[in-house]
Amino acid sequence: MEGASLPAHYFDGHGARAWPVVLTREQSHLRITGDTVGLRFALNKLDWPERTRGGARVMELPGGASIECCDALAWDAFARACGQRDSWVVRLQQSASTAIVSLFILLLLLGAAYLWGIPLAARIILVFVPSSVDRAIGAATLRSLDQIVLQPSALPKAQRGVLRAVFEQALAHQGDAAQITHQVEFRHSPLIGPNAFALPGGTIIVTDELVRATQADPATFVGVLGHEFGHLQARHGMRLVLQASVVGVLSGILIGDVSSLLAVAPAVLGQAAYSRTFEREADRESVRVLLGAGLSPVIMATFFTKIATRSQRMDSLGIAIASHPADAQRIQFFLDMARKAGFPLQP
Ligand SMILES: [Zn+2]
């Protein structure tokens, strides 16, 4: 646009005096005209100020002088008339599509916070949750499971006593680690099948079906319960419950009311499954208990190969040991541990 003009002030770079001038475009040049000023600059040699929301526009000129214009809108119009385009940053800031991209990035960040932040938050909250809460949640969950999927055990009382004693003897080699509250309970459950699981607070449930399927083999029993004991040690069940309800429950714990946790726990423990990390932690504990008692970890590889993979209704209780077909990696872990400890790989 030829002949565009704009009133502004000129500072010579030496004094503070503002000289009234008029800016005009002459082809590819900017002319600055005033009573004592007559300058001409190539447009492409000028360092145009970025367009911001308001305020005066100041343009530094080669040689230390500068031009100031208080009418930002008029300046911007003049700058456009001089062929000046916004930098990419300003264009980004001012475009609608940028707002959409920003929103998208924000959602990504929220998603990341959800994925990684909540497990972290649950771990931190866990430290402040007293063990009485674990026990209350375990009891509520067991009541609920007893109504839906569990029935009283049909195993002879003496057999249950022997199995409990076998596990306690094995745990006795673990020293202080064995001090964690735990009690082994038996239940008949055609629905869950040969399985075992640990509830917050220390209750380990073993199904009659598991005892029968393993022919009440003491070593297998120790390995399976060692795994469940590992879940108890790390309070994995509580971590699942907290992760599932971390936002709503935080305030409840802070004011000492855990009723919302109690309400959500049975559903969470009934449907959620432990992560691979949790399972690996529990498997390591199983190996510790087995080796401590002088038993071969091979027994767990056998268990997973024969029992876990043929367990029916695998999806009926996600936290149970045989909930998912055991992967080769997991079986290999027990074989490796057995080999390292010098046990033969054939059971
Ligand atoms: Zn497990």
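Read the numbers this way: they start at 1 and go in the same order the structure lists the ligands and their atoms.
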For Val22, the rest of its hydrophobic cluster, which grows through side-chain links under 4.5 angstrom: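 For Val22, no cluster forms, as it stays isolated from other hydrophobic side chains.
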Linked hydrophobic residues, Val21 as query - side chain contacts closer than 4.5 Å: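 Grouped by the 4.5 Å side-chain rule, Leu6, Tyr10, Trp19, Leu23, Leu30, Ile32, Val37, Leu39, Phe41, Leu43, Leu46, Trp48, Met59, Leu61, Ile67, Trp75, Phe78 form the rest of the cluster around Val21.
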Criterion side-chain contact (heavy atoms from CB on, under 4.5 Å) on Phe186 and Gln159, from CA distance to verdict: CA-CA 11 Å; Phe186 296 85; Gln159 187 181 23; over 6 Å; no
N, O or S of His236 under 2.8 Å from the Zn ion (ligand 1): no
Glu279 near the Zn ion (ligand 1) via N/O/S, less than 2.8 Å: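 An N, O or S atom of Glu279 is closer than 2.8 Å to the Zn ion (ligand 1), so yes.
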Modelled atom types, side-chain donor and acceptor of Glu209 and His188, under 3.5 Å: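 Yes, His188 and Glu209 have a side-chain donor paired with an acceptor closer than 3.5 Å.
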Rounded to 10 degrees, the angle NE2 of His227 makes with NE2 of His231 at the Zn ion (ligand 1):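 It rounds to 100°.
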